[in-house]
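Notes for the one structure printed next.
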Amino acid sequence: MQPGSAIQWHWLAGVGLMLHAWEGEPFVLVFQPLSGDTHLLDHLSAEVLRLLGPGAQTAEHLWERLLAQTGLTAEEFSLDRLHALLVQLEQLDLIERVSA
Amino acid sequence: MIVSECSPKLLRRQLRRSGVCIRTGPVICRIQSPLPEMVQVLSDYYGLFPLLADARFADIQVQLLPGWGLRRWIRPQVVCRSEDQIPFFPQPRRLAPALLEWGLNWAVTNLAHWYLMVHGAVLERSGKALVLSAKAESGKSTLAAALMLRGWRLFSDEIVLIRLSDAQLVPLARPICLKGASIQLIRQQDRLGLVGPTLPDLVRGGIALVRPTSESVCRMLEPAPVGWVLFPEFTPRTATQWTPLPKALAFIRLADNSFNYSLLGAAGFQTLAALLDQAHGCYKFRYSNLDEAVGWLERLAHHSVAADVSASPPSVG
């Protein structure tokens, strides 16, 4: 996937992901009701999922929102890293890409 | 009426015909068997349980039948049948009491899907439940028996029943099944005469059933919220060690040890999360000395209940 492409991302169609975490813990649980799989994610990955939601958006838009939400700088978390993370979440069947 | 109030003659007749219906916690079990020794088995291990004389409906049914063909007479065997299935290999007839327990466990785990079920033992003290979740041979039944003999209320030694509506733990209060060296260990501490005779078994080094205490049976309709979740591991020649475990990791372990987490889907996820929301703490727990382990658990319960502190379990020693 090329940065700046017209590809958008969203949660897997028709799937309401469920997230659960406990205060002070480094992990977030994510339940994918379609597959029945439960995943253990770090907080940043979970935040990406939360911000993404069921509505489609581009990686660039998501990246801007993520930096604003978390206070991370572009140096600390680059767009390329977000792209890599999105591909990983896609491989877990948590999100999917669509052409705009 | 409880089982011990029923005459042996009537029990035997019921066992041979429509079956004896016993309530174990929320589950009504129908037990059928033509084996005459099952009358004594029921009296010994289920004497305090409510007998439902006119129950038309049972949640689970288990039949214990004599072996087929020559196995009726030569090295006689017993066969367990439930829901038109034979879930276990036939066993030597002397193991009928243990096979009844295995059959009931099998039936509950295959049918009681209105609960989230996890492999493990549960005991309660001061209104909070301790979950001991582990695979076989981890020493959870030994720990469960030792704690029960110290006054903890037994919920179960094999199946953690978690109510879907509020994640409360629900008792079954059925006998504990001990194997091998743990039998003698528990028998030494048994001042109440709860440990039954050792059933010779070369494969498992002997089997003995431990009757639940009368308090466990009398209060078997009282659920409790979880207090602590432990993942015990018996490791010979090691000091007692505990390691706090993040709830998210405890969740994954409990889901792995569950009988029906996948089957329940989102309800399973929500219930397990709600259970851990209530927990004071989760621990990996390694032990070899039973007295030391029990002492640690008693201090953990006392400390948490008295101070309602979740993050600082007591030191060992």
Side-chain angles (χ1 to χ4, degrees), chain A residues 9-56 66 69-72 76-77 81-82 84-96, chain B residues 113 115-119 131 133 160 162 164-167 225-231 243-284 304 308-313:
Chain A
W9 297 87
H10 60 67
W11 287 2
L12 211 59
V15 173
L17 296 176
M18 300 166 75
L19 287 80
H20 197 95
W22 287 276
E23 200 178 331
E25 292 199 356
F27 308 106
V28 178
L29 291 165
V30 179
F31 181 72
Q32 210 278 41
L34 207 60
S35 66
D37 289 338
T38 306
H39 303 277
L40 200 59
L41 302 184
D42 59 56
H43 278 284
L44 190 64
S45 305
E47 193 57 35
V48 168
L49 278 182
R50 279 196 195 97
L51 290 173
L52 198 55
L66 184 68
Q69 178 73 28
T70 60
L72 289 169
E76 287 171 321
F77 192 77
R81 278 186 64 188
L82 177 62
L85 180 57
L86 289 169
V87 171
Q88 281 183 311
L89 294 173
E90 181 186 38
Q91 286 167 348
L92 293 174
D93 279 337
L94 295 174
I95 64 172
E96 62 185 349
Chain B
H113 296 302
Y115 293 98
L116 174 63
M117 291 179 282
V118 176
H119 189 204
V131 173
S133 179
V160 182
I162 309 167
L164 297 181
S165 58
D166 57 5
V226 70
W228 317 272
V229 178
L230 251 80
F231 299 94
T243 312
L245 198 63
K247 287 183 176 181
L249 296 184
F251 184 108
I252 297 294
R253 281 182 170 227
L254 288 172
D256 277 348
N257 287 346
S258 172
F259 296 105
N260 62 345
Y261 173 78
S262 300
L263 189 80
L264 292 174
F269 179 82
Q270 288 168 323
T271 304
L272 204 46
L275 177 93
L276 288 165
D277 283 345
Q278 300 167 16
H280 288 303
C282 306
Y283 305 94
K284 282 195 283 186
S304 296
D308 201 27
V309 173
S310 60
S312 51

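Owing to the predicted nature of the structure, the values given are computational and were not obtained by experimental measurement. Order of the sequence lines fixes the chain letters, A, B, ..., with proteins taken first and strands second; residue numbering starts at 1 for each chain.
- Looking at B:Leu276, the atoms closer than 4.5 Å to chain A (heavy atoms on both sides) sit in the backbone and in the side chain alike.
- Residue contact with chain A, scored on non-hydrogen atoms closer than 4.5 Å, involves the backbone and the side chain of B:Ala266 alike.
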- Verdict with supporting geometry, A:Glu25 and B:Leu249, side-chain contact (heavy atoms from CB on, under 4.5 Å): CA-CA 10 Å; A:Glu25 292 199 356; B:Leu249 296 184; over 6 Å; no
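- Residues A:His20 and B:Phe269 approach most closely at CB-CZ, 3.9 Å, considering heavy atoms.
- Across every non-hydrogen atom of B:Ala248 and A:Leu29, the tightest pair is O-CD2, 4.0 Å.
- Ranked by heavy-atom pairs under 4.5 Å with chain A, the list B:Leu263, B:Asp277, B:Ile252 is led by B:Asp277.
- Under the 30°/60° scheme for interplanar angles, the aromatic rings of B:Phe251 and A:Trp22 are found to be tilted.
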